[in-house]
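The next block holds one structure in the form of structure tokens; read it before the comments.
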Amino acid sequence: MLRTIYTEDHEAFRDTLRSFIEAEVVPHFEEWYANGIVPKEFYRKLGELGVFGIEVPEEFGGAGEETFKYEAIIAEECARAGVSFGGSGVHVNLCLPYLMKYCTEEQKQRWLPGFVDGTNMFAIAMTEPGTGSDLAGMKTTAKLSDDGTHYVLNGSKTFITGGVNADRVIVCARTSPATAEDRRFGISLFVVDTTLPGYEVGRKLDKLGLKISDTAELSFTDVKVPAEDLLGEENKGFGYLGQNLPQERLSIANGAYAQAKAAIAFAQEYTEQRNIFGKPVASFQNTKFELAACKAKLDAMESSVDRGIELHDAGKLTAADAASLKLFCTEAASDIIDRCLQLHGGYGYMNEYPIARLYADNRVNRIYGGTSEVMKTIIAKDMGL
């Protein structure tokens, strides 16, 4: 279908990014994949390219654009090439909205220039070993010192994307006990310097997919976080977390769409080149029907994602809209990628082929950012059920 959401400026960015990926990522990706992490110096190159500063105001070194469209293009181009920028997606898609909305001017001056040039990489730490979707049950604490100069942070986090390479981590911690009326009360956000004494990066987790995205366990033992590194107001962190969920879920939905689009391209190329019984696999009716069915479903995904992007840019993407978008796109992408892997036959099961990596990478889309079951709950509630 004809796409209408992108302008000439967007397509020029796409061309620049595609060339960058071919020159700076593709030649090194196998090494990164084997090591399970993107080298930190690569983020300086992304900073030089301007990738991190697109939505940051010009006064802090960014481009001052107020749109999600460039991030959507990045996801598409990475999937198209069968590569990844590691944990840097969290830096922009998850962390930047919190910094832009809740930082003081002094904090922006301190943090955003390094955010833009890639010398100050961010991650966010919500999940704990005993608490997944139930963030109100978190055990990590931050106690204000008697003189009010710092908080003492204690606890642990897990499944923290970008946690190995991060220079600053937005840590969610309980600063006050929950109340009988509101168990979500008492959570605050801190922008924690990862070089502080008592801050430790534990295991880099061995995941099914997303192999070069550094996902880590973190622990905090009497970490003294300066009071000026509190993000927003004390005890109001839970509300802040909820406000960014629509963009997070839009990002996951768009990523799933990009993966599905790439899977179809990989499958079509493979079946056109692979011969069986003396003719290309693509010439068999079953192959044509499978790819056609995938393409029809992809068209529906594309329309949904594009509409979601436009609503988000207009500030009108609701929590229920984002939940519906994430549920549909992640479930649809799972079906498409599975069918495209099947068309590869045995080679589709080999990690040397991008379809196999896509298959593994895609699976987490139905888990993180809220499981499919949580999305259904949100949608049902919006329906009045």
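This chain uses plain numbering: 1 for the first residue, then up along the sequence.
Taken to the nearest 0.5 Å, the CD1 atom of Ile187 stands 12.5 Å off from the CD atom of Glu234. Atom-to-atom distance recorded for Ile276:CD1 and Thr271:OG1 is 12.0 Å, nearest 0.5 angstrom. For the atom pair OH (Tyr359) and OG (Ser334), the distance works out to 7.0 Å, reported to the nearest 0.5 Å. Put simply, CG on Asn254 and SG on Cys329 are 8.5 Å apart, with the number rounded to the nearest 0.5 Å. Rounding to the nearest 0.5 Å gives a distance of 11.5 Å between CH2 of Trp111 and SG of Cys95. A distance of 15.5 Å separates OH of Tyr257 from NZ of Lys297, quoted to the nearest 0.5 Å.
The two residues Ala333 and Asn362 come nearest to each other via the heavy atoms CB-ND2, 3.6 Å. Scanning all heavy atoms of the two residues, the minimum distance from Leu291 to Ala267 falls at CD2-CB, 3.9 Å. Heavy-atom minimum distance, Phe68 versus Ser251: CZ-CA, 3.7 Å. Considering every non-hydrogen atom in both Ala72 and Tyr6, the closest pair reads CB-OH, 3.4 Å. Taking all atoms of both residues into account, the shortest heavy-atom contact from Gly237 to Leu189 is CA-CG, 4.1 Å. Across all non-hydrogen atoms, the minimal contact from Ala123 to Ile160 is CB-CG2, 4.3 Å.
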* To do: Take Asp9 and Thr7, measure what side chain to side chain donor-acceptor pair (under 3.5 Å) needs, and give me the verdict at the end.
  => CA-CA 5 Å; Asp9 287 342; Thr7 66; 4.7 Å; no

* To do: Please assess Arg3 against Glu76 for the test salt bridge (Lys or Arg N to Asp or Glu O under 4.0 Å), listing each intermediate value before the final yes or no.
  => CA-CA 14 Å; Arg3 302 187 80 180; Glu76 285 187 37; 2.8 Å; yes

* To do: Would you please test Leu241 and Leu245 for side-chain contact (heavy atoms from CB on, under 4.5 Å) and show each step?
  => CA-CA 7 Å; Leu241 296 174; Leu245 285 175; over 6 Å; no

* Evaluate the criterion side chain to side chain donor-acceptor pair (under 3.5 Å) for residue pair Asn154 and Thr141; output intermediate values, then yes/no. => CA-CA 5 Å; Asn154 283 284; Thr141 60; 5.0 Å; no

* To do: Report the C-alpha separation of Asp338 and Leu341 in whole Å, then their side-chain angles, then the decisive distance to 0.1 Å, and conclude whether the side-chain contact (heavy atoms from CB on, under 4.5 Å) test is met.
  => CA-CA 5 Å; Asp338 183 77; Leu341 186 150; 5.7 Å; no

* To do: Apply the test side-chain contact (heavy atoms from CB on, under 4.5 Å) to residues Cys340 and Phe266: give CA-CA distance (whole Å), side-chain angles for both, the deciding distance (0.1 Å), then the verdict.
  => CA-CA 8 Å; Cys340 288; Phe266 295 147; over 6 Å; no

* To do: Give the intermediate values and the outcome of side-chain contact (heavy atoms from CB on, under 4.5 Å) for residues Val92 and Phe52.
  => CA-CA 6 Å; Val92 176; Phe52 295 147; 3.7 Å; yes

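Classification of the Tyr270-His344 ring pair by plane angle, with boundaries at 30° and 60°, yields parallel. Tyr347 and Tyr353 have tilted rings, their planes meeting at an angle from 30° to 60° on a 0 to 90° scale. Relative ring orientation between Tyr70 and Phe13 is described as perpendicular, the plane-to-plane angle rising above 60° on a 0-90° scale split at 30° and 60°.
Thr287 contributes no side-chain N or O that, together with a main-chain N or O of Ser283, makes up a donor-acceptor pair within less than 3.5 Å. For the pair Arg44 (side chain) and Gly118 (backbone), a donor-acceptor distance under 3.5 Å is present. At distances below 3.5 Å, at least one donor-acceptor pair connects side-chain atoms of Lys157 with backbone N or O atoms of Met126. Using a distance-only test at 3.5 Å, with no hydrogens or angles considered, a donor-acceptor pair links the side chain of Asp117 to the main chain of Thr119. Although no hydrogens or angles enter the test, the distance criterion places a donor-acceptor pair under 3.5 Å between the side chain of Asp214 and the main chain of Val164. Using modelled atom types, no side-chain atom of His150 and backbone atom of Ser145 make a donor-acceptor pair closer than 3.5 Å. For Asn244 (side chain) and Leu94 (main-chain N/O), a donor-acceptor pair under 3.5 Å exists by modelled atom type. With hydrogens and angles ignored, the 3.5 Å screen pairs no side-chain donor or acceptor of Ser156 with any backbone N or O of Leu218. Without hydrogens or angle criteria, Thr179 side chain to Asp182 main chain gives a donor-acceptor distance under 3.5 Å.
At a threshold of 4.5 Å between side-chain heavy atoms, the hydrophobic network of Ile, Leu, Val, Met, Phe, Trp and Tyr places Val152 and Val223 in two separate groups.
Counted within 6.0 Å of CD on Gln285, heavy atoms from surrounding residues, nucleotides or ligands total 12 or fewer; the atom is thus considered open. Within 6.0 Å of atom CD in Gln342, 12 or fewer heavy atoms from other residues, nucleotides or ligands are found, so the atom counts as exposed in its surroundings. Annotation: Phe238, atom CZ; neighbour count of heavy atoms from other residues, nucleotides and ligands within 6.0 Å is above 12.
Here Phe85 and Phe42 bring their ring centres to under 6.0 angstrom of each other. Aromatic ring centroids of Tyr240 and Tyr98 lie 6.0 Å or more apart.
Residues satisfying the salt bridge (Lys or Arg N to Asp or Glu O under 4.0 Å) test with Asp229, not counting sequence neighbours, are Arg110, Arg168. In terms of the salt bridge (Lys or Arg N to Asp or Glu O under 4.0 Å) criterion, residue partners of Lys108 (sequence neighbours excluded) are, by chain and number, Glu105. For Arg339, the salt bridge (Lys or Arg N to Asp or Glu O under 4.0 Å) partners at least two apart in sequence or on another chain are Glu290, Asp335.
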Would you tabulate the side-chain donor-acceptor contacts of residues 321-328 under 3.5 Å, counting partners in other chains and residues two or more places apart, or write 'none'?
residue	atom	partner	partner atom	Å
Asp321	OD1	Thr318	OG1	3.4
Asp321	OD2	Thr318	N	3.2
Asp321	OD2	Thr318	OG1	2.9
Lys326	NZ	Asn365	O	2.7
Lys326	NZ	Tyr368	O	3.3
Lys326	NZ	Gly370	O	2.8

Could you list the donor-acceptor pairs under 3.5 angstrom formed between side-chain atoms of residues 201-209 and any protein atom two or more places apart in sequence or on another chain?
residue	atom	partner	partner atom	Å
Arg203	NE	Glu217	OE1	3.2
Arg203	NH2	Glu217	OE2	2.8
Lys204	NZ	Gly36	O	3.2
Asp206	OD1	Lys211	NZ	3.2
Lys207	NZ	Leu210	O	3.0
Lys207	NZ	Ser213	O	2.7
Lys207	NZ	Thr215	OG1	3.3

Expected list for residues 25-33: side-chain donor-acceptor pairs under 3.5 angstrom, two or more places apart:
residue	atom	partner	partner atom	Å
Glu30	OE1	Arg357	NH2	3.0
Glu30	OE2	Arg357	NH1	3.2
Glu30	OE2	Arg357	NH2	3.4

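Salt-bridge formation is not detected for the pair Glu128/Arg174: no Lys NZ or Arg NE/NH1/NH2 atom is positioned less than 4.0 Å from an Asp or Glu carboxylate oxygen. A salt bridge is defined here as a Lys NZ or Arg NE, NH1 or NH2 lying under 4.0 Å from an Asp or Glu carboxylate O, and Lys45 with Glu48 fails to meet this definition. Ionic pairing of Lys40 and Asp167 is present here: one or more N-O contacts between side-chain nitrogen and carboxylate oxygen are shorter than 4.0 angstrom.
Evaluated for a side-chain contact (heavy atoms from CB on, under 4.5 Å) with Thr330, the options Arg249, Arg363, Gln259, Arg366 yield exactly one hit, Arg366.
With contacts defined as side-chain heavy-atom distances shorter than 4.5 Å, the pair Val83/Ile212 does not qualify.
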